[in-house]
2 protein chains.
Amino acid sequence: MDSNRQSDLTRQRVLEAGFKEIHRHGFQAASVCDILADTGLTKGALYHHFPSKKELGLAVIDEMIGAGLRERFIRPLRDSERPAQALVELIGNKQEQSEEYIQLGCPLNNLMQEMSPVDEDFRNRLNRLLNQWQSAFEDALRRAQVAGEVREDVDCHAAALFIVSAWEGCTGIAKNMQSVESFRACMSQLQVYVVGLLKH
Amino acid sequence: MDSNRQSDLTRQRVLEAGFKEIHRHGFQAASVCDILADTGLTKGALYHHFPSKKELGLAVIDEMIGAGLRERFIRPLRDSERPAQALVELIGNKQEQSEEYIQLGCPLNNLMQEMSPVDEDFRNRLNRLLNQWQSAFEDALRRAQVAGEVREDVDCHAAALFIVSAWEGCTGIAKNMQSVESFRACMSQLQVYVVGLLKH
DNA sequence: CCGATTACATACCGATCGGTATGTGGTGTC
DNA sequence: GACACCACATACCGATCGGTATGTAATCGG
């Protein structure tokens, strides 16, 4: 029972170390030795909890990236009673975007760009998260539309897809420019787009 | 003299093969053996024309990706006498986006997401292309602004940055979804944004 | 208290990587 | 026509990769 908790804890340590390494170097360039280097664990631990490097990567997507996505985007939007306002604020939330996040980029977008054409399993897992994210925006827009805050002629599905795309695009460009200012300028333009969806 | 042309031709063959392989697997995962496999050439040829795999990658950026960028975006916008219309048409140009381009993504964006945090030299070269692209949009917007087609309160610099970002975001998302329809829906929303910059 | 199983650590494997040293046929030069 | 050099081809190298076989201490059920 207690050993079970200890086991789960080391599994979590591997997951977190894997997430960091993959976030920094991408999945293919991530070395399992480097992943384990900082943890004090060895390959025996990793391959006891995960059958392969690929399965570790998929677990990182589901458990680490997925959890962050739900916590930062999906839950706040779902719990908000003013979805339109929450959406605009979410886009304009400046301090949310840390220096490291700008430098290394969005982990979801990084993996999508790297693994999507290479591995079907990765693509499917990443696509699931993508759809969840898009649905969160879409639901918020639709609720706002029902509340009369969003214009009736707005295609909420397409708009949500575009917001996700533009968001990832902005983080990706900011990563290459290594410029927080560019990121904010870019996100402000996304805000302009979203405000354009509102009435008046 | 004739041998010189033969030499340049093989160099070009290596460049093209390198571009394809990098476009498909990314730079780090691209194997020099695989690059040469289809060409009938060997490592001797590659390392005669390029001192390292990295220099080949940088040359691919400058000569292949840069050339494509100038041909497809920069020149058409610069040569157009109706920049605002040209910009909107460029975004709405459907058949331009081939199936393969959707599947493998934008080569510029792919390399940015992969190499930007890993290698400073790559980041700088990619940033140069990014700035050229952004400047092309910015100049077009500014010219349209002078012509009275774009609103005076529009920040052309930020708008151009956002267009580039959203463009790359749309291609990236479409790559993961493997859906031409999603890409078109997404680009249509970008068109909505650009039209919003125009008067009326 | 005692086997059995879990949860790792250690040592090692073949494969593949980028890169190099050397060989060689053709080409230009004088 | 001898010689230098260019433009590759061939064979090989150490390093690193993901993965595995084995050993072992800790923990579990009975």
Side-chain angles (χ1 to χ4, degrees), chain A residues 1-61 63 111 114-115 118-122, chain B residues 1-61 63 111 114-115 118-122:
Chain A
M1 194 74 64
D2 187 54
S3 75
N4 197 1
R5 279 177 192 158
Q6 175 63 29
S7 175
D8 290 350
L9 194 139
T10 60
R11 193 191 118 98
Q12 196 64 23
R13 283 172 60 194
V14 173
L15 266 178
E16 290 172 5
F19 171 76
K20 284 187 183 178
E21 188 73 9
I22 291 173
H23 194 194
R24 230 163 270 216
H25 299 99
F27 174 76
Q28 300 182 93
S31 161
V32 293
C33 292
D34 290 351
I35 290 178
L36 297 163
D38 295 335
T39 63
L41 298 169
T42 61
K43 286 191 178 183
L46 194 156
Y47 283 98
H48 174 73
H49 289 284
F50 303 96
S52 67
K53 181 193 175 189
K54 173 176 173 175
E55 289 300 324
L56 169 61
L58 296 177
V60 165
I61 294 176
E63 304 180 35
L111 281 178
E114 177 192 4
M115 298 304 296
V118 166
D119 189 290
E120 185 84 2
D121 295 322
F122 271 85
Chain B
M1 194 73 63
D2 187 53
S3 74
N4 197 0
R5 279 177 191 158
Q6 177 63 31
S7 175
D8 290 351
L9 194 138
T10 60
R11 193 190 119 97
Q12 196 63 25
R13 282 172 61 193
V14 174
L15 266 178
E16 290 173 4
F19 170 77
K20 284 188 183 178
E21 188 73 8
I22 291 173
H23 194 194
R24 228 163 273 217
H25 299 99
F27 174 75
Q28 300 182 92
S31 160
V32 294
C33 292
D34 290 353
I35 290 177
L36 297 162
D38 295 336
T39 64
L41 298 170
T42 62
K43 286 191 179 184
L46 194 156
Y47 283 97
H48 175 73
H49 290 284
F50 304 96
S52 67
K53 182 194 176 188
K54 173 176 174 175
E55 289 300 323
L56 169 63
L58 295 177
V60 165
I61 294 175
E63 304 180 35
L111 281 177
E114 178 192 4
M115 298 304 295
V118 167
D119 189 289
E120 186 83 3
D121 295 322
F122 271 86

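In what follows, chains carry the letters A, B, and so on, assigned in the order in which the sequence lines appear, proteins first and then strands, with residues in each chain numbered from 1.
- No donor-acceptor pair closer than 3.5 Å links the side chain of B:Lys54 to the backbone N or O of B:Phe122.
- In terms of heavy-atom proximity, B:Val32 sits nearest to B:Tyr47 at CG1-OH, 4.3 Å.
- D:dG18 atom P lies 10 Å from atom CG of A:Leu36, rounded to whole Å.
- Atom NZ in A:Lys54 sits about 18 Å away from atom C1' in D:dC17, given to the nearest Å.
- Between the NE2 atom of A:His25 and the P atom of D:dT16 there is a distance of 14 Å, rounded to whole Å.
- Put simply, OH on A:Tyr47 is 4 Å from P on D:dG19, counting in whole angstrom units.
- In this entry the distance linking CZ of B:Arg13 with C1' of D:dA9 reads 13 Å, nearest Å.
- Taking side-chain N and O atoms only, B:His48 has a distance below 4.0 Å to OP1 or OP2 of D:dA7.
- The CG-P distance, from B:Leu46 to C:dG18, rounds to 10 Å in whole Å.
- The side chain of A:Leu41 approaches C:dC8 more closely than any other nucleotide in the set C:dC8, D:dA9, D:dG19.
- With rounding to the nearest 0.5 angstrom, the CZ atom of B:Arg11 is 10.5 Å from the NE2 atom of B:His48.
- Here A:Ser7 reaches the OP1 or OP2 of C:dC8: one of its side-chain N or O atoms lies under 4.0 Å away.
- Side-chain N/O atoms of A:His49 include none lying less than 4.0 angstrom from OP1 or OP2 on C:dT6.
- B:Asp38 contributes atom CG, which lies 12.5 Å from atom CD of B:Glu16 (distance to the nearest 0.5 angstrom).
- An OP1 or OP2 oxygen of C:dC8 is reached within less than 4.0 angstrom by no side-chain nitrogen or oxygen of A:Thr42.
- Atom-to-atom, CZ of A:Phe50 to P of D:dT20 comes out at 16 Å; the value is rounded to the nearest Å.
- Using a 4.5 Å heavy-atom threshold, the side chains of A:Ile35 and A:Leu56 count as touching.
- Nucleic acid contact class of A:Ala29 (heavy atoms, under 4.0 Å, all strands): none.
- Phosphate contact (OP1/OP2 of C:dC8, side-chain N/O of A:Thr10, threshold under 4.0 Å): present.
- Side chain A:Lys53 to base D:dG19: no donor-acceptor pair is found below 3.5 Å.
- Separating the CG atom of B:Asp34 from the P atom of C:dG18 is a distance of 9 Å, rounded to the nearest angstrom.
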